[in-house]
Amino acid sequence: MAKMLVTAAPRRSDAEEVVMWFTVELLGCEGSLSETRQRCQVRVYTRCRDRVNPPATRSDSFVTSVSGEPRPALTTRRPTMRDVAELAGVGIKTVSRVVNGEPNVSAQTAERVRRAAASLHYEPDMHAGNLRRADGRSRTLGLLVSSVANPFAAQVHRAIERVATEHGYGVLATSLEDDPDAEVRAVAALARRRVDGFVVTPVRVDQTYLRVHVDRGTPIVCVDREPRGLDTDSVVSANTEGAAAAVRHLISRGHRRIAFLGDLERIQTARLRLDGYIQELTAAGFDVDRSLVVMGLHDEASATAVARRLLTLPDPPTAVFSSQNLVTIGTVRALQQLGRENVVALVGFDDIETSDLLKPGITTVAQDPDRIGRLAAERLFARIDGELGPPRHLVVPTRLVVRGSGEIPGPGAATTRA
């Protein structure tokens with residue numbers, strides 16, 4: 001039989017609580033327990049006055065019985081890998097292998113480690129763990145979206161997260177609020193967390209600062225907007241073509257005075273959609289009336305104010321092309337306030353979930369944020385897994401969704417049909 005050695009070390013706390021620390025050693029003798037040593041420590045609290053919380057003065061974050069059955073820890077600090085190892089009766093390296101999914105651990109031992117970790121509510125330190133993994137990966141991605149206020153960005157985020165989950169990855173996301181300085185700060189913060197790759201919605205006019213991360217071997221995919229000063233994978237919508245299709249649709253309904261309401265001019269997609277608007281008017285042989293072109297609109301309130309001003313001009317536009325979903329919402333509000341929603345045609349870029357609930361329904365140029373996000377994530381994982389070769393630039397087509405507002409006839413409708 002194995003013999004048991006018991007030692008005790010009493011200690012008195014400020015709350016007059018006696019704490020007895022027993023160290024129990026089971027020393028194996030010849031037989032199946034040969035060369036096996038198991039240790040457990042038992043805290044025995046003898047309270048002299050009112051009930052108090054046990055002192056968290058030891059490094060141990062667990063309590064075991066002599067029988068080896070784990071009980072929840074009586075401490076407020078986070079359990080460590082060492083705590084799990086002691087509770088499971090294994091070495092720290094064994095716990096590390098189980099946590100990181102490495103081989104050379106028996107199923108029985110791995111299960112014992114997992115039970116010990118669960119009883120302690122242990123959570124691995126991913127920042128330290130990735131330094132010890134065989135592949136050096138943190139199993140996290142860094143995602144920079146333009147603004148969480150924009151439904152398009154939220155849908156792209158969801159699509160990326162779904163793909164990441166399929167690969168066993170987490171996503172650390174941040175909203176830039178279209179602030180160029182925030183882009184640089186966010187990338188630096190995520191790099192310190194050792195993310196395995198970035199999906200970036202470029203906000204700055206130049207992404208040269210990302211080259212240092214590319215040179216270090218960190219994959220980067222740009223989404224929604226193409227990078228400047230850096231050649232890397234990107235996934236974007238057909239912005240110019242989609243805008244041209246919207247204007248072409250309005251022209252085919254007899255409209256000539258078509259207003260353009262655009263986002264901030266420094267945003268690449270806003271400029272591309274303006275290009276599509278100008279190209280299509282020019283191709284149709286119409287002059288571009290710059291008084292009907294307004295950039296710098298980034299929210300519903302500003303769009304409403306500008307749309308009201310244009311619609312009350314002596315010679316107002318008969319149609320509006322709004323190049324961003326929040327701008328579209330603001331334009332709809334202005335039309336309703338003026339009672340012109342059934343008189344002035346409207347086509348918006350970006351689909352809106354409630355477009356079909358309005359009267360008339362909003363005709364939109366629909367992007368495919370789910371596909372864009374999915375393709376961006378798949379590109380990133382391909383690079384993480386070692387794909388080489390030149391950067392790939394993927395363009396996802398848009399489609400015109402007809403619901404009524406874009407079909408309101410203009411003054412030249414009869415001439416157009418003729």
Side-chain angles (χ1 to χ4, degrees), residues 99-103 124 126-127 129-146 152-153 155-174 176 183-184 186-204 206-239 241 268-269 272 367-398:
V99 168
N100 294 318
E102 297 177 8
M126 299 303 294
H127 305 310
N130 68 323
L131 301 178
R132 294 189 292 272
R133 286 198 183 96
D135 58 9
R137 296 180 182 178
S138 66
R139 299 294 191 275
T140 57
L141 305 180
L143 171 61
L144 285 70
V145 298
S146 56
F152 172 82
Q155 289 176 274
V156 171
H157 182 174
R158 284 198 297 268
I160 291 171
E161 193 129 30
R162 283 195 295 269
V163 176
T165 300
E166 292 170 3
H167 285 76
Y169 268 65
V171 177
L172 303 179
T174 183
L176 303 178
E183 181 182 332
V184 177
V187 168
L190 292 170
R192 288 194 294 270
R193 286 161 176 77
R194 300 295 190 268
V195 295
D196 294 334
F198 292 96
V199 178
V200 179
T201 303
V203 174
R204 295 172 60 87
D206 191 307
Q207 277 66 52
T208 306
Y209 76 96
L210 290 172
R211 186 171 300 282
V212 63
H213 300 288
V214 174
D215 292 343
R216 290 172 181 168
T218 304
I220 295 175
V221 177
C222 288
V223 66
D224 187 36
R225 306 163 189 174
E226 294 182 354
R228 294 287 188 90
L230 181 73
D231 194 13
T232 189
D233 292 336
S234 63
V235 184
V236 300
S237 290
N239 288 285
E241 295 82 355
Q268 183 186 99
T269 52
L272 292 173
Q367 300 188 85
D368 193 343
D370 185 77
R371 186 180 177 193
I372 291 171
R374 179 165 45 81
L375 288 174
E378 289 172 353
R379 278 282 77 225
L380 189 64
F381 279 113
R383 297 298 186 183
I384 289 173
D385 291 339
E387 181 185 301
L388 301 176
R392 296 179 59 186
H393 305 290
L394 307 179
V395 179
V396 178
T398 60

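Hydrogens, waters and symmetry mates play no part in the numbers below; they use all other heavy atoms, side chains included. Remember, predicted model here, so these are calculated numbers, not experimental data.
Between V396 and V235 there is a side-chain heavy-atom pair separated by less than 4.5 Å. Proximity of S234 to P391: side-chain heavy atoms (C-beta onward) are nowhere separated by under 4.5 Å. Residues Y209 and L230 form no side-chain contact, since every pair of their non-hydrogen atoms from C-beta on lies 4.5 Å or further apart. Put simply, the side chain of R371 reaches to within 4.5 Å of the side chain of R374, judged on heavy atoms. Counting only heavy atoms from C-beta outward, the side chains of E241 and T398 never approach each other to under 4.5 Å.
Counting non-hydrogen atoms of neighbouring residues, nucleotides and ligands closer than 6.0 angstrom, the CZ atom of R228 reaches no more than 12 such neighbours.
A salt bridge links R379 to D233: one of the charged nitrogens lies within less than 4.0 Å of a carboxylate oxygen. Ion pairing between a basic and an acidic side chain is recognised when a charged N comes within 4.0 Å of a carboxylate O; D196 and R383 show no such pairing.
H167 and F381 have parallel rings, their planes meeting at less than 30° on a 0 to 90° scale where 60° marks the start of perpendicular.
Listed here is the closest heavy atom pair of F198 and A191: CZ-N, 3.9 Å. When all heavy atoms of A376 and V199 are compared, the pair lying nearest together is CB-CG1, 4.4 Å.
Of the possible donor and acceptor atoms, one in the side chain of Q207 sits under 3.5 Å from a partner among the backbone N and O of R204.
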